[in-house]
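Okay, structure first, notes after.
Letters A, B, ... mirror the listed sequences (proteins, then strands); counts begin at 1.
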Amino acid sequence: MAKPKIAFFKFSSCAGCQLNVLNLEPILLDIVGAVDIRYFVMAKRENFEGPYDIGFVEGAVTSPRELMELKKIREECSILVAQGACACHGGIPSVKNFSGMTQKEMEQRVYTELWDLKSFPAQAIDYYVKVDAYLKGCPMDKDEFVTLVTSALKGINPLFRYHSVCNECKLKENNCLVLTKGKACMGSVTAAGCGAQCPSLGRPCEGCRGPASDCNAASLAKTFIDLGLSRDDVVRKFRKYAGNTPEFSKGAEAV
Amino acid sequence: MEAFILPKAELGNFVAALKKDNEVLGPVAKGEEYIFASIDDVKDLRLDYDTTILPPAKKFIHMPGEVLFEFEGVVEGKAPEKVGKRVLFGVHACDLNGLLSLDKIFLETYPDAYYKARRENTAIVALNCVSPCTYGYCASFNSGPSADIGFDLCLTDLGDKYFVEVGSDKGREMVKGLSAASNEDYIARNRSLRAAQQQITRRIDADNLGVLLHQNYDHPVWQEVTEECLACGSCTSVCPTCYCFGVKDYVDLTLQKGERQRFWDSCMFYEFSRVAMDHIFMPDREARVKQRLYHKLTYYQQQFEAPGCVGCGRCVYTCIKHIDPVDIVAKIQADPNPEKEVKLYTPPEKKVKPELDPWEPQKAVIKSIKQQTPDVRTYTFAFVDPKVQEAYTYDPGVFNMISVFGIGESAISISSCADLKGVFQHTIRAVGNVTNALAELKEGDIVGIRGPFGFGWPVEEMKGKDVLLVAGGIGLAPLRPVIKYIQARRDQYGKFDILYGSRTPEGLLFTDEYDEWRKIPDTRLHLTVDMVPPGVEWGHNIGVVTTLFNKISVDKDNAVVVTCGPDIMMKFVVLDLLKRGWSPEQIYVSLERRMSCGVKKCGNCQMGPVFVCQDGPVFRYADIMDLPGGVF
């Protein structure tokens with residue numbers, strides 16, 4: 001089989017997911033050996049036009065230009081992967097969707113040169129185009145990326161499991177931050193796959209991987225109120241990384 | 001009782017002596033909580049612990065994750081690693097009883113070599129609870145606060161010393177050099193244990209709990225619990241009796257080298273029952289919540305004759321919402337549904353081939369492949385080892401686990417009849433990872449086969465009776481052996497009607513065999529399809545398979561029905577037949593659920609108290625029709 005042609009693209013985001021690909025140092029050469037990287041502006045001087053077999057898209061879509069590019073990318077890529085929280089759920093850029101300001105007010109608040117600026121609410125890429133696979137998290141998880149590449153090479157569904165982060169915490173026998181410290185941890189409603197990184201370091205889960213399958217955000221929101229969070233704080237918890245999703249919206253709207 | 005005294009001042013030396021030949025695993029502090037870990041310094045040992053995050057026996061004997069075997073390319077098995085000798089030191093009675101429940105799963109019905117190796121190399125030093133924990137309710141199930149069986153030694157704290165009870169020869173070795181307990185020590189021990197028993201106020205009144213729960217499957221309390229439940233699954237991770245696991249193949253970037261792994265799974269997870277095409281058998285949170293709690297409080301007992309809840313209280317403590325079985329049962333008892341007759345499910349007698357290693361796939365070669373429809377192929381396999389092939393026999397309707405190494409394993413029914421010697425067949429639709437990978441294989445390629453597993457069609461019981469066979473789509477594959485079986489023994493059966501439905505004419509299986517089937521004496525084959533695409537010729541019925549029921553010619557009062565197809569089809573077949581006066585006793589259905597092990601261990605195929613893999617896949621409808629939550 002010819003090596004699959006792959007490409008990396010970026011929209012409104014911090015480029016951290018792309019950087020995380022390069023952080024795969026111990027096996028980076030194996031990956032480079034297994035695939036043909038045709039387009040990766042962050043890592044290569046020479047980049048080539050499509051079509052590609054697999055396209056990884058980082059970032060939320062928040063301007064007409066990005067939307068136009070996304071549609072072109074979709075046509076060029078047989079498999080399109082949303083890479084990271086912004087592309088999967090809207091991510092940090094989507095915080096603006098819930099700020100209560102108009103698009104114009106926000107533009108004026110952030111930028112001084114407005115003549116070339118056109119923006120709209122930040123959306124996950126699957127709001128506009130069909131997405132074949134998701135790499136959740138902020139940044140995306142390196143191991144999941146490798147699993148996805150391996151699965152694509154084998155032509156199989158990676159069958160990611162999006163149960164709660166609690167499961168990974170329990171397997172590490174971490175002290176539960178909600179129960180022992182009274183911290184507002186999002187782990188119980190957030191999709192696992194990160195290895196419960198933040199709770200393992202004593203920091204509550206921020207929900208960067210978005211909702212776990214069939215999670216119950218409304219119930220957790222009530223617990224946050226019981227822990228002493230203000231209504232606004234609870235809303236901010238659920239509108240931070242995946243506020244666009246119906247699951248986390250239920251959390252934000254429950255209080 | 002044989003008992004000794006260990007002064008607390010001597011505990012260090014005692015543990016140091018154990019450490020000479022064993023790894024000693026005991027309770028240590030982790031933050032505000034406790035965990036079981038290897039004891040390097042005896043000062044770390046915290047025998048005053050209340051409970052641990054994970055139950056010790058499950059953590060070190062069931063293991064959260066492990067490698068079953070490694071492979072490169074086609075297959076090469078690896079024997080389970082030799083486990084060094086270990087002592088679990090300070091195991092509470094609840095956790096010890098949890099281990100005894102796990103033993104029922106892993107040491108019976110195909111003993112699990114991995115579990116067994118660790119189990120046999122682990123000595124248990126139990127520790128009676130003299131000051132019970134906050135959330136425990138062990139006294140309800142007679143699984144605490146003191147241990148009575150299953151330990152090598154059992155300690156009771158008597159202030160400045162431990163009362164040490166001997167439970168095995170292994171234990172007797174350990175206490176060499178300790179002085180015998182005096183009468184006063186016995187009295188002190190009994191008093192402190194009685195006092196502990198009295199301190200436990202949390203209780204589930206366990207009389208007829210199974211019947212009570214079955215009567216209250218639709219009690220409003222379940223709705224309340226579902227609204228609270230975060231579906232995080234922590235309750236199952238920390239439960240000492242939860243055994244469910246998943247199996248997956250890992251491969252590295254060479255795509256050749258990899259390993260088959262198993263990992264703790266949970267019935268609380270949405271993806272737990274996921275099969276090909278993202279079909280989920282238990283998508284509804286309320287159903288999953290009930291599956292867990294019913295399993296703990298009644299199904300486990302029905303399945304394994306062992307307690308599914310040992311009252312350790314971990315699920316209550318660990319739950320952010322403090323969902324509490326004690327509360328739930330109390331709420332039901334306070335306002336129960338009206339009593340009604342309830343028949344609790346009991347599994348059939350085990351049917352086990354003791355010579356079979358449940359985890360080792362046997363290599364089988366693809367002899368030929370026949371395209372049935374655009375996405376269905378019939379594969380003819382033969383085991384590479386002629387001795388294995390010779391000894392291989394199976395009943396109509398049972399299944400094999402088929403492995404494509406590096407992709408995974410799938411449960412697939414056998415579509416040939418054991419009368420066919422030297423080879424066996426599977427008819428497989430390409431829909432998921434494994435079946436799509438199978439579709440890529442060619443003659444001469446090797447797969448792994450484990451099996452046969454389960455109970456098939458009641459071909460013995462059917463003798464002397466008429467047979468009505470109703471199949472839908474790919475559901476004809478597990479029924480084809482019945483047709484072949486009857487054909488070979490035609491005089492032993494009465495009239496035979498075959499009703500077969502498919503979505504389209506193109507989807508019909510085994511079309512080249514229909515003429516042969518029609519020639520079987522006193523046999524009728526009726527076909528139907530849901531729709532006929534334009535331009536396709538079709539001279540048979542159009543409509544769902546039940547529209548053929550007016551053509552049934554077998555004698556209702558002396559017939560057996562065998563049916564297999566999509567759940568929704570079987571549901572209406574059963575409903576329609578019951579309406580026509582057939583009895584649930586004479587209807588047999590073949591069910592499909594997610595399966596990972598095939599040997600009643602992984603829990604993936606559980607449907608209420610039923611293990612589809614080993615209690616089925618073929619069931620008499622009368623045996624399962626009263627399951628809480630229903631069948632279809």
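Using a 4.5 Å cut-off between heavy atoms, Glu271(B) touches chain A through backbone and side chain atoms alike. Both the backbone and the side chain of Thr318(B) come within contact range of chain A, with heavy atoms under 4.5 Å apart. For Val251(B), the parts sitting under 4.5 Å from any heavy atom of chain A are the backbone and the side chain alike. For Val165(A), no part sits under 4.5 Å from any heavy atom of chain B, backbone or side chain. Neither the backbone nor the side chain of Asp249(B) comes within less than 4.5 Å of any heavy atom in chain A. With a threshold of 4.5 angstrom between heavy atoms, Tyr317(B) approaches chain A through its backbone and through its side chain.
Of the candidates Leu24(A), Asn20(A), Thr150(A), Phe145(A) forms a side chain to side chain contact (heavy atoms under 4.5 Å, CB included) with just one, namely Leu24(A).
In this structure, Phe272(B) has its ring center no closer than 6.0 Å to that of His163(A).
Taking the six-membered ring where the residue is Trp, Tyr52(A) and Tyr39(A) present tilted rings, their angle falling between 30° and 60°.
With sequence neighbours left out, the side chain to side chain donor-acceptor pair (under 3.5 Å) criterion links Arg594(B) to Ser596(B), Asn604(B). Residues satisfying the side chain to side chain donor-acceptor pair (under 3.5 Å) test with Asp53(A), not counting sequence neighbours, are none.
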Please set out all donor-acceptor pairs under 3.5 angstrom arising from side-chain atoms of residues 220-228 of chain A, sequence neighbours excluded.
from	atom 1	to	atom 2	distance (Å)
Thr223(A)	OG1	Ser219(A)	O	3.4
Thr223(A)	OG1	Lys321(B)	NZ	2.6

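Put simply, of Arg288(B), His322(B), Met268(B), the one with the most heavy-atom pairs under 4.5 Å next to chain A is Arg288(B). Top candidate by heavy-atom pairs under 4.5 Å with chain B, chosen from Asn174(A), Val189(A), Thr147(A), Ile27(A), is Asn174(A). For the options Asn167(A), Leu171(A), Val178(A), heavy-atom pairs under 4.5 Å to chain B are most numerous at Asn167(A). Considering only heavy-atom pairs separated by less than 4.5 Å from chain A, the leading option among Ile407(B), Thr226(B), Thr254(B), Asp284(B) is Ile407(B).
Side chains of Tyr127(A) and Asn244(A) form no contact here, defined as non-hydrogen atoms less than 4.5 Å apart.
Arg314(B) CZ to Cys235(B) SG: the interatomic distance, rounded to the nearest 0.5 Å, is 13.5 Å.
Note that Lys58(B) lies in the cation-pi zone of Trp264(B), set by a 6.0 Å cut-off to the ring centre and a 45° limit from the axis. By the 6.0 Å and 45° rule, Lys59(B) does not stack over the aromatic ring of Phe36(B).
Between the side chain of Lys44(A) and the main chain of Ile37(A), a donor-acceptor pair closer than 3.5 Å is present.
Applying a 4.5 Å heavy-atom cutoff, none of the residues of residues 239-248 of chain B approach chain A.
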